2 protein chains.
Amino acid sequence: MTEIDGRAGKAARPKRADARRNERTLLDAAAAVFVTSGVEAPVRDIAAEAGVGTGTIYRHFPTRADLVVAVYRHQVEACAEAGPALLASSASPYAALGRWIDLFVDFLTTKHGLAAVMRSDKAGFEVLHAYFLDRLVPVCARLLDAAAEAGEVRPGTDAYGLMRGVGNLCIGADNDPRYDARRMVGLLIAGLLQPRST
Amino acid sequence: MTEIDGRAGKAARPKRADARRNERTLLDAAAAVFVTSGVEAPVRDIAAEAGVGTGTIYRHFPTRADLVVAVYRHQVEACAEAGPALLASSASPYAALGRWIDLFVDFLTTKHGLAAVMRSDKAGFEVLHAYFLDRLVPVCARLLDAAAEAGEVRPGTDAYGLMRGVGNLCIGADNDPRYDARRMVGLLIAGLLQPRST
DNA sequence: TGTCTAAGCGGAACGTCGTTCCTGTATGAT
DNA sequence: ATCATACAGGAACGACGTTCCGCTTAGACA
């Protein structure tokens, strides 16, 4: 495996201490600003919150999307790891799928505008998009396959589409009390069930 | 009712001929640019296509969203009017609902980025959002109520949420061949059906 | 401890966007 | 033909993401 901080290798030199400190500060500042102003908050605001210049942000994170990924990486990881666990502990694969999707919806709806930014094709957000999907689609596929093999859901649904659909349904879940994303996702998952007539 | 072009009243003076001509030109230019570059095309591009200055656009349409509304108004109108017709001609209310939703999905997915811009809370897009929903939600509610009274779908689903859900599912339907919005909407509508147990 | 090199920093600067504003022009009533 | 005024054009503004460059300073080596 590759060395974690470069101490083990001679080619990889460790980052300077102030750089490390700044990266941490930036992640914290970004997380704080995302909570108050949403994920689409201006880069300058994050820089101001962290007390650094905008250039510093771009030194550590090539683009805004990379910063977002870095901030939420461990939460995505946790969600991904919950998949197999739920499959093992739930009464049926379909129940596990439902609970796992709930977890994902929780994650998306508690971050202002995260869902909205995930589908965005704007400048370089493919990174974000790709990371989320690469990490979560396989987990979803596993659950989906299990439910299909158990005969609970109609076969032929691809996990990628389902994840995109659920993500889309969560867009605008905040800032519009009339729209209940969770209910809509519930309907979508219910629609997955094997229909009455063969 | 209010006079259509101001000729009937003396208080309302008719617009100048060149202004009328420019408004038409603008609508055509906008429609053309929306097809090639998507709904989020820069205002300057539309102005260039029409051969006018940017100021001229804002004279006729207070904001970008108003222009979008104007371009698609008659299509939205057609969709709205199709609702009652389908209800009358279909085998069941649920079938009518499904076909009407299909119409809506067709509309959204054939306009690049329209769905995406509909949920946007950015500067003044509430106009667009409001117009679409004000016009279509009642139609949807009518179909939904009919299907609920017929016992086909579970009660308690509100039309507003459903429309937002369908709209959201259509986001990014173009420019990503791996995502099939229509299938997802199909699942959502299937999830509306009365579940097996009471 | 002193020196020096390059990693790192801040923020000015650039290009793009939506929108506003001001000036000159051309319409159409008189 | 005259003229008030509705209108068009595009420069200008502020906000954004991103890039660039000159100064600062960490930290390896002597």
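Order of the sequence lines fixes the chain letters, A, B, ..., with proteins taken first and strands second; residue numbering starts at 1 for each chain. Given the structure is predicted, the values throughout are model-derived calculations rather than measurements.
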Euclidean distance, atom [atom1] of residue [X] to atom [atom2] of [N] [Å, nearest integer]:
| X | N | atom1 | atom2 | result |
| --- | --- | --- | --- | --- |
| A/D18 | C/dG8 | CG | P | 7 Å |
| B/R64 | C/dT19 | CZ | C1' | 12 Å |
| B/R21 | D/dA6 | CZ | P | 18 Å |
| B/F61 | C/dT20 | CZ | C1' | 18 Å |
| B/Y58 | D/dA12 | OH | P | 18 Å |
| A/R16 | C/dC4 | CZ | C1' | 13 Å |
| A/I46 | D/dC16 | CD1 | P | 11 Å |
| B/R44 | C/dT20 | CZ | C1' | 11 Å |

Interface residues of residues 25-34 of chain A with DNA chain D (non-hydrogen, below 4.0 angstrom):
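The stretch gives none, as no residue of it lies under 4.0 Å from the strand.
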
Criterion side chain to side chain contact (heavy atoms under 4.5 Å, CB included) against B/F61, the qualifying member of B/V69, B/L67, B/V68
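Per the side chain to side chain contact (heavy atoms under 4.5 Å, CB included) rule, the option paired with B/F61 is B/L67, out of B/V69, B/L67, B/V68.
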
What's in the same ILVMFWY side-chain cluster as A/I171, cut-off under 4.5 Å, chained through other members?
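B/I171, which link up through side-chain heavy atoms under 4.5 Å apart, make up the rest of the cluster.
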
Is it true that atom CZ of A/R154 has more than 12 heavy atoms of other residues, nucleotides or ligands lying nearer than 6.0 Å?
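Yes, the 6.0 Å shell around CZ holds more than 12 heavy atoms from other groups.
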
Evaluation steps, side-chain contact (heavy atoms from CB on, under 4.5 Å), between A/V39 and A/Y72:
CA-CA 11 Å; A/V39 176; A/Y72 292 125; 4.0 Å; yes

B/D158/A/R178 ion pair, N-O < 4.0 Å
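Salt bridge flag = no for A/R178 with B/D158.
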
Nearest-0.5 Å distance, OG1 of residue A/T25 to CG of residue A/D18
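Here the rounded value is 10.5 Å.
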
Among the nucleotides D/dG10, C/dC17, D/dG17, which one has an atom lying closest to any side-chain atom of B/P42?
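The answer is C/dC17.
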
Among the nucleotides C/dC9, C/dG18, D/dA11, which one has an atom lying closest to any side-chain atom of B/V43?
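For B/V43, the side-chain atoms sit closest to C/dG18.
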
Between C/dC9 and A/H60, is there an OP1 or OP2 to side-chain N/O distance shorter than 4.0 Å?
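Yes, because at least one side-chain N or O of A/H60 sits under 4.0 Å from OP1 or OP2 of C/dC9.
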
Ignoring hydrogens and angles, are the base of D/dA8 and the side chain of B/R59 linked by a donor-acceptor pair under 3.5 Å?
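In this structure, the two groups form a donor-acceptor pair.
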
Using heavy atoms to find the nearest nucleotide of DNA chain D for B/V52 and A/T54 separately, return the residue whose nucleotide is more 5′.
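Looking at the nearest nucleotide for each, B/V52 comes out on the 5' side.
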
